[in-house]
Amino acid sequence: MTIRQLELEVMRYDPEKDEAPWFQNYSVPCEEDWAILDAINYVKENIDTTLSYRWSCHMMVCGSCGMMVNGEPSLTCKTFIRDLPDKVRIEPLENFPIERDLVVVLDDVMQKLHKVQPYIIRKDAPPQDKEFKQSPGALEKFKQYTMCINCMCCYAACPQYGLNQNFIGPAALALAHRYNLDSRDQGKSQRLDILADHDGVWDCSFVGACSEVCPKHVDPAAAIQQMKIDGAMEWWKQKLGFPGGES
Ligand code: SF4
Ligand code: SF4
């Protein structure tokens, strides 16, 4: 078993005691196949039990271990030390208030995920004792956008969210697109009122940083650009008096 000594520089902050965040150094003996989350867990278990951070599954499913690793929003269970230098700086996700140490407050994005109406909306009555059938091809249209694990790395990378916290932001907009593309849904025009509003898709400057950091390849930037096109087409349809159509 190869051991590599990693110097971790970890941001600490206890709002009840500290005036400002500060950094603490830990020297961690790592195995070569460790993810950075393993190194943080080593600190917690062997060096400093007071360190606070979130994690749960260690298999890229729960989305709770998102942190800044050397300045990059990263899922720490998917970021391997073999790809990092000997000195690594760990900070809480950018653009969020700090709850304590590496734990951030996510209330704002939770409200945004709810705001985009992320569920099937039907205008007609659901068929009695019947299922809404969907072909594999129809599923394929939105499947990519179902892969989001709410790690919030995209919000930490998004310059527009950093400037304007009212911007709905990448993951919530990608989630809205997922339902807009669902063949069982009839809520696209209803959602458009929210998505095309001031803080919706038009606030996105298409930097694409959200898609670059996404550990699940959801590609929120593409979803947002597609919704801009949909929004513009819907606007012209209404202007020209065409009936709006839901799939
Ligand atoms: S593409 Fe849009 S949502 Fe994604 S990081 Fe850039 S501004 Fe933010
Ligand atoms: S879109 Fe990607 S980066 Fe954003 S919350 Fe979902 S999984 Fe994380």
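Just so it is clear, the structure is predicted and the values come from calculations on it, not from any experiment. Start at 1 and go down the list; that is how both ligands and their atoms are numbered. In this chain, residues are counted from 1 in sequence order.
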Quick one: does Lys123's side chain get under 4.5 Å of Ser189's, heavy atoms only? yes
Answer yes or no for Ser205: is there a heavy-atom contact with ligand 1 below 4.0 Å? yes
Quick check on contacts: which atoms of ligand 1 are under 4.0 angstrom from a heavy atom of Cys210? 1 (S), 3 (S), 4 (Fe), 5 (S)
Number the atoms of ligand 1 from 1 as they appear, then name those within less than 4.0 Å of a heavy atom of Ala221, with their elements. 1 (S)
So, for Asn41 and Trp55, which heavy atoms are closest and what is the spacing to 0.1 Å? OD1-NE1, 3.4 Å
List every atom of ligand 1 that sits less than 4.0 Å from any heavy atom of Gly208, numbering the atoms from 1 in the order shown and giving each element. 1 (S), 6 (Fe)
Identity of the nearest option to atom 3 (S) of ligand 2, non-hydrogen atoms only, from Gly63, Ala156, Cys154: Cys154
Can you tell me if Cys214 has an N, O or S atom under 2.8 Å away from atom 2 (Fe) of ligand 2? yes
Provide, to 0.1 Å, the distance between atom 2 (Fe) of ligand 1 and the closest protein heavy atom, together with that atom's residue and name. Cys204 SG, 2.3 Å
Under 2.8 Å from atom 4 (Fe) of ligand 2, is there any N, O or S atom belonging to Cys148? no
Are His58 and Asp38 close enough that a side-chain donor and a side-chain acceptor fall under 3.5 Å? yes
Quick one: nearest non-hydrogen protein atom to atom 8 (Fe) of ligand 2, plus distance? Cys151 SG, 2.4 Å
Looking only at side chains, do Tyr26 and Asp48 share a donor and an acceptor under 3.5 Å apart? yes
Would you say the side chains of Arg191 and Gln117 form a donor-acceptor pair under 3.5 Å? no
Atoms of ligand 2 less than 4.0 Å from Ala171 heavy atoms? 4 (Fe), 5 (S)
Quick check: are there more than 12 heavy atoms from other residues, nucleotides or ligands sitting under 6.0 Å from CE of Met110? yes
Is the number of heavy atoms from other residues, nucleotides or ligands within 6.0 Å of CD (Glu131) greater than 12? no
Are any of the heavy atoms in Ile149 under 4.0 Å away from ligand 2? yes
For Cys158, the ligand 1 atoms with a heavy-atom partner under 4.0 Å come out as 3 (S), 5 (S), 7 (S), 8 (Fe)
When rounded to the nearest 0.5 Å, the distance separating CG of Leu113 from CE of Met152 is 4.5 Å
Verify the cluster assignment for Phe80 and Leu6: are they in a single hydrophobic cluster under the rule of side-chain heavy atoms below 4.5 Å apart? no
Under 4.0 Å from ligand 2, counting heavy atoms only, is it the side chain of Val213, its backbone, both or neither? neither
As an exercise, identify every atom of ligand 1 less than 4.0 angstrom from a heavy atom of Ile224. 3 (S)
